[in-house]
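Here is how names work: the chains are called A, B, and so on, in the same order as the sequence lines, proteins then strands, and each is numbered from 1.
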Protein chains: 2
Amino acid sequence: MGNATLRPPAKAAAAQRLIRAAGERLTAPRTAVLAVLLDAKRALTHHEIESALAPGVPVDRVTVYRVLDRLVTLGLAHRIPGEDRTWRYVASRDSSHGPHAHFTCSRCGKTVCLEAVATPPDVKVPRGFLPQKVELTVQGLCASCH
Amino acid sequence: MGNATLRPPAKAAAAQRLIRAAGERLTAPRTAVLAVLLDAKRALTHHEIESALAPGVPVDRVTVYRVLDRLVTLGLAHRIPGEDRTWRYVASRDSSHGPHAHFTCSRCGKTVCLEAVATPPDVKVPRGFLPQKVELTVQGLCASCH
DNA sequence: GTGCAGATGCAATTCGGTTGCGTCCCGCTC
DNA sequence: GAGCGGGACGCAACCGAATTGCATCTGCAC
Ligand SMILES: [Mn+2]
Ligand SMILES: [Mn+2]
Ligand SMILES: [Zn+2]
Ligand SMILES: [Zn+2]
């Protein structure tokens with residue numbers, strides 16, 4: 001009825017579909033958190049996710065952490081370690097495209113996926129070492145910070 | 001006179017030379033911390049550095065943090081962000097060789113420089129973004145963990 | 001509708017790192 | 001070799017992201 005609710009965004013339905021498809025129990029916190037991620041144009045911190053959630057159903061901080069962990073495990077999201085010691089989360093748009101680089105603005109912290117830049121799959125490691133995952137992060141200034 | 005002191009290691013003299021050469025005031029904490037780094041064969045956490053220091057002159061935790069910051073600023077050491085949200089520090093062996101990749105064991109946390117692997121200098125970023133530093137980290141299992 | 005494994009909420013805790021501030025001491029000057 | 005001044009140090013308090021323990025609740029298979 002024309003109410004002014006800004007959250008949850010239209011992505012809620014998509015979120016539900018993805019969670020179901022992953023064979024997970026469908027809960028309000030999961031739907032809400034994933035919807036926020038699907039709606040975002042950049043990587044979000046736990047804190048940013050929490051406040052994007054606030055107006056609707058309140059979700060406990062710890063639950064947000066646990067939901068995010070779960071989404072990452074399921075491959076529905078990935079998380080990026082930050083220079084500022086906080087994780088940032090992004091919905092994994094398309095499970096078909098591989099691991100990629102990320103850019104973080106050292107001034108405002110804004111973090112985005114560089115989907116065009118694949119991480120090198122062929123790094124040479126010392127004898128006996130078993131490489132599993134390659135992380136490629138670019139620090140610098142974003143468009144609005146320089 | 002033949003006492004069994006294990007610390008500071010023989011690298012103390014080298015540490016003093018480097019600190020002097022950087023135009024810095026020579027203090028016991030600085031010498032001790034840098035000597036530990038010069039003696040290490042892998043990247044060390046703040047905690048590891050602190051305990052490597054312990055038997056000799058006790059140095060305050062906070063001082064260790066400040067000394068490490070300073071060494072990094074001076075280019076005498078570099079630090080590596082970890083998946084476990086802790087920095088690891090390495091003496092910068094040779095100021096002449098550029099930025100390189102790192103390997104971190106996801107089981108034991110052991111971190112080493114992959115000096116042979118240079119970080120790609122040419123990453124393509126979105127319009128208006130200014131890249132400044134590229135971080136290339138390989139996660140996996142070290143020789144003694146798999 | 002019932003039962004239960006799994007999910008949530010809440011409070012307390014951990015832990016790497018930082019800040020404020022009074023005291024100390026390195027290295028320069030005379 | 002004393003005197004001095006600014007930087008370095010030690011100590012205690014603090015911060016914030018993330019984790020843990022546990023009681024309660026709930027999605028969903030039956
Ligand atoms: Mn990404
Ligand atoms: Mn290195
Ligand atoms: Zn920015
Ligand atoms: Zn290992």
Side-chain angles (χ1 to χ4, degrees), chain A residues 12 15-36 43-54 56-74 76-77 79-89 104 109 111, chain B residues 12 15-36 43-54 56-74 76-77 79-89 104 109 111:
Chain A
Q16 295 186 346
R17 226 177 309 119
L18 287 165
I19 293 164
R20 275 262 168 67
E24 292 290 297
R25 284 165 64 162
L26 191 60
T27 69
R30 287 173 181 183
T31 304
V33 168
L34 182 51
V36 167
L44 301 181
T45 63
H46 171 274
H47 188 71
E48 290 170 329
I49 294 167
E50 216 190 338
S51 32
L53 239 31
V57 189
V59 181
D60 189 78
R61 292 176 55 249
V62 176
T63 300
V64 174
Y65 277 116
R66 293 198 268 230
V67 167
L68 288 169
D69 271 3
R70 180 59 68 111
L71 294 176
V72 169
T73 300
L74 294 172
L76 293 177
R79 66 178 192 179
I80 306 152
E83 200 83 1
D84 59 358
R85 313 194 329 120
T86 72
W87 297 106
R88 286 177 170 76
Y89 297 82
T104 300
T111 299
Chain B
Q16 295 187 344
R17 227 178 308 121
L18 288 165
I19 294 166
R20 275 261 167 69
E24 291 290 298
R25 285 168 61 165
L26 190 61
T27 69
R30 286 173 181 184
T31 304
V33 168
L34 182 50
V36 167
L44 301 180
T45 62
H46 171 274
H47 188 72
E48 291 169 330
I49 294 167
E50 219 192 337
S51 31
L53 239 31
V57 188
V59 181
D60 189 78
R61 288 175 62 244
V62 176
T63 300
V64 173
Y65 277 116
R66 292 198 268 232
V67 167
L68 288 169
D69 271 2
R70 180 60 66 110
L71 293 177
V72 169
T73 300
L74 294 172
L76 293 177
R79 65 179 192 178
I80 306 153
E83 201 81 1
D84 59 358
R85 314 194 328 118
T86 72
W87 297 105
R88 287 178 170 75
Y89 297 83
T104 300
T111 298

Within a strict 4.5 Å, meaning less than it, do heavy atoms of the A:Leu71 and A:Val67 side chains meet?
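Contact flag for A:Leu71/A:Val67 side chains = yes.
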Please tell me which of B:Leu26 and B:Asp84 maps to the more 5' nucleotide of DNA chain C, matching each residue to the nucleotide holding its nearest heavy atom.
B:Asp84
Residues that B:Glu83 engages under side-chain hydrogen bond (donor to acceptor under 3.5 Å, both in side chains), provided they are two or more places apart:
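Residues passing side-chain hydrogen bond (donor to acceptor under 3.5 Å, both in side chains) with B:Glu83: A:Lys133, B:Gln139.
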I need the minimum non-hydrogen distance between B:Ala35 and B:Ala15, along with the two atoms involved.
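B:Ala35 and B:Ala15 have their closest heavy atoms at N-CB, 3.8 Å.
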Tell me: CD of B:Glu83 to P of C:dG16, nearest whole Å?
16 Å
Rounded to the Å, how far apart are B:His47 NE2 and C:dT14 P?
15 Å
Pairs satisfying side chain to side chain donor-acceptor pair (under 3.5 Å), at least one member in residues 58-71 of chain B, at least two apart
B:Glu24-B:Arg70
Hey, where on DNA chain D does chain A first and last touch, going 5' to 3'? Cut-off is any atom under 4.0 Å from a heavy atom.
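Endpoints of the contacted stretch of DNA chain D: D:dA17 to D:dC28.
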Excluding sequence neighbours, so at least two apart, what forms side-chain contact (heavy atoms from CB on, under 4.5 Å) with A:Thr111?
A:Ala43, A:Ile80, A:Arg88, A:Thr104
Nearest-0.5 Å distance, [atom1] of residue [X] to [atom2] of residue [Y]:
X: A:Ile19; Y: A:Leu34; atom1: CD1; atom2: CG; result: 5.0 Å
X: A:Arg20; Y: A:Arg17; atom1: CZ; atom2: CZ; result: 11.5 Å
X: A:Thr86; Y: A:His46; atom1: OG1; atom2: NE2; result: 11.0 Å
X: A:Asp84; Y: B:Arg85; atom1: CG; atom2: CZ; result: 9.5 Å
X: B:Leu53; Y: B:Glu48; atom1: CG; atom2: CD; result: 12.5 Å

At under 4.0 Å between heavy atoms, how does the protein contact nucleotides 2-12 of chain C? Give one character per nucleotide, 5' to 3', with B, S or -.
---BBSBBBB-
Roughly what angle, to 10°, lies between the helix axis at the start of the helix from C:dG1-D:dC30 to C:dC30-D:dG1 and the one at its end, five pairs per end?
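Nearest ten degrees gives 30° for this helix.
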